[in-house]
Amino acid sequence: MIRVLVVDDEALIRTGFQRILEAAGDIEVVATVAGGRAVQAVHDTRPDLVLLDIRMPDVDGLTILAQLRPLPRPPVVAMLTTFGLDEYVAAALRSGAAGFLLKDTDPEELPFLVRALASGVTVLASKIARTVVNGYLDAAPHEVAALGVARLTDRERSVLLLVAQSMSNRDIAVRLCLSVGTVKDHVSSLFAKLQVSSRVQAALLAERAGILRPSREREGR
C-alpha cells in the first residue's frame with residue numbers, strides 16, 4: 001500500500017482526493033489535513049507521499065516543504081496547485097519537491113501519477129512542464145551547473161541522463177545492467193556532488209548545464 005497524506009485548506013479538495021485515491025485499492029490516504037496540521041500529521045502517520053497545496057491561507061506549502069526536508073526519512077512531496085506561476089514552481093523545485101499536480105487532474109489519471117511519484121519518478125503536470133521548459137531549456141548553460149556536472153564520473157553522468165528522462169531507479173538498473181542498490185548509490189553520490197536534493201533538481205541542473213541537448217538534437221534528425 002502507498003500511504004498518502006493530503007494537505008489542502010479546502011475540505012472539498014481533501015475529500016475528493018481521498019475518495020479517488022482510496023478507490024484505487026493499493027493507495028491508503030492516512031490523513032487529510034489543512035496546512036497548519038501538516039507537519040504534525042507527517043510525524044503521526046509517516047506517509048510515503050505528501051500531496052501538498054502550495055498556496056494556503058494559514059501556512060503556505062513552501063514553508064511546510066522546508067520543514068519536512070530535514071526529517072531523517074522525509075516523505076516524497078508533490079505540490080498541488082491551480083496555478084503555473086514561475087516563482088512558485090522554481091522555489092518548490094529548489095526546495096526538493098518531487099513534482100507538481102494540478103487540482104483538476106483527471107480522476108482516472110491521479111492514481112497512476114501517485115504510483116509514479118511513490119516509485120521515484122518525477123511528475124509534472126503539462127502546464128507546469130511548459131513553465132519549466134520555458135524557464136530552463138531556453139536559458140544559457142549555467143556556469144555553476146556545468147562545474148557540478150564536470151565533477152561526475154562517467155557512470156554518474158549516465159545515471160543523471162536517465163534520471164533526467166524521468167526513469168525510476170529500477171528502470172535505470174535494467175538499462176545500465178546494474179543492481180537497484182548500485183543505482184541508488186550513484187544517485188546519492190551525484191546528488192551530493194551537484195548539491196541537489198531531488199530528481200527534479202538534478203534534471204533541471206543537467207538541462208542548464210547543456211548535457212541533454214546533444215541527445216535531443218540527435219533525436220530530432
Peer 1: Measuring only between side-chain heavy atoms, which start at C-beta, is V77 closer than 4.5 Å to I64?
Peer 2: no
Peer 1: Between D8 and I13 (side chain of the first, backbone of the second, donor and acceptor by atom type, cut-off under 3.5 Å), is there such a pair?
Peer 2: no
Peer 1: Taking the side chain as every heavy atom from C-beta outward, state whether T82 and D104 have any atom pair closer than 4.5 Å.
Peer 2: no
Peer 1: Which of these, I2, I27, L49, sits in a side chain to side chain contact (heavy atoms under 4.5 Å, CB included) with L21?
Peer 2: I27
Peer 1: Can you see which heavy atom on A202 is nearest to which on L190, and at what distance?
Peer 2: CB-CD1, 4.3 Å
Peer 1: When you compare the side chain of L178 with that of I172, does any pair of heavy atoms fall below 4.5 Å?
Peer 2: no
Peer 1: Check for me, please, whether V42 and V4 land in the same ILVMFWY cluster - side-chain distances under 4.5 Å, paths through other members count.
Peer 2: no
Peer 1: For the atom pair CD1 (I20) and CD (E108), what is the distance rounded to the nearest 0.5 Å?
Peer 2: 10.0 Å
Peer 1: Counting only heavy atoms not in R19, do more than 12 sit closer than 6.0 Å to its CZ atom?
Peer 2: no
Peer 1: Any side-chain heavy atom of L5 within less than 4.5 Å of one from V33?
Peer 2: yes
Peer 1: With a cut-off of 6.0 Å (strictly less than), are more than 12 heavy atoms of other residues, nucleotides or ligands near CG of D154?
Peer 2: no
Peer 1: Tell me whether L162 shares a hydrophobic cluster with L152, the cluster being built from Ile, Leu, Val, Met, Phe, Trp, Tyr side chains joined at under 4.5 Å.
Peer 2: yes
Peer 1: Hydrophobic cluster mates of V121, side-chain heavy atoms under 4.5 angstrom, ILVMFWY only, any path?
Peer 2: none
Peer 1: Hey, any chance V183 and F191 share a hydrophobic cluster, counting ILVMFWY side chains that come within less than 4.5 Å of each other, even indirectly?
Peer 2: yes
Peer 1: Looking only at non-hydrogen atoms, find the nearest pair between A92 and M79 and report the distance.
Peer 2: CB-CG, 4.0 Å
Peer 1: Backbone N or O of L12 within a donor-acceptor pair of the T15 side chain at under 3.5 Å?
Peer 2: no
Peer 1: At what distance, to the nearest 0.5 angstrom, does CG of D58 lie from OG1 of T63?
Peer 2: 10.5 Å
Peer 1: Does the side chain of V7 reach to within under 4.5 Å of the side chain of V50, using non-hydrogen atoms?
Peer 2: yes
Peer 1: Taking D48 for its side chain and R3 for its backbone only, find out whether a donor-acceptor pair lies under 3.5 Å.
Peer 2: yes
Peer 1: Closest approach of L80 and D53, non-hydrogen atoms and distance?
Peer 2: O-OD1, 3.3 Å
Peer 1: For K184, is the NZ atom crowded, meaning more than 12 foreign heavy atoms sit under 6.0 Å from it?
Peer 2: no
Peer 1: What pair of heavy atoms forms the shortest contact from A31 to T45, and how long is it?
Peer 2: CB-CG2, 4.2 Å
Peer 1: Please answer: with hydrophobic residues joined when any side-chain heavy atoms are less than 4.5 Å apart, are V30 and L113 in the same cluster?
Peer 2: no
Peer 1: Kindly give the heavy-atom pair with the smallest separation between S198 and A97, and that separation in Å.
Peer 2: OG-O, 3.8 Å
Peer 1: Can you measure from CG (L205) to NZ (K193) and round to the nearest 0.5 angstrom?
Peer 2: 14.0 Å
Peer 1: Nearest 0.5 Å please: distance from the CG atom of L110 over to the NZ atom of K103.
Peer 2: 13.0 Å
Peer 1: Given 3.5 Å as the limit, does a donor-acceptor pair link the side chain of R199 with the main chain of M167, or not?
Peer 2: yes
Peer 1: How far apart are the closest heavy atoms of R115 and A24, and which atoms are they?
Peer 2: NH2-CB, 3.7 Å
Peer 1: Taking C-beta and beyond as the side chain, do I54 and F100 meet within less than 4.5 Å on heavy atoms?
Peer 2: yes
Peer 1: Is it the case that the side chain of S189 and the backbone of D185 share a donor-acceptor pair, with hydrogens and angles ignored and the cut-off at 3.5 Å?
Peer 2: no
Peer 1: Are V200 and V123 co-members of a hydrophobic cluster defined by side-chain heavy atoms under 4.5 Å apart?
Peer 2: no
Peer 1: Drop me the distance from N169's CG to H186's NE2, to the nearest 0.5 angstrom.
Peer 2: 11.0 Å
Peer 1: About how many Å separate CZ of R73 and CG of L71, when rounded to the nearest 0.5 Å?
Peer 2: 11.5 Å
Peer 1: Looking at side-chain heavy atoms only, is the closest gap between L194 and L160 below 4.5 Å?
Peer 2: yes
Peer 1: Using a 4.5 Å cut-off on heavy atoms from C-beta on, say whether the side chain of L176 contacts that of R155.
Peer 2: yes
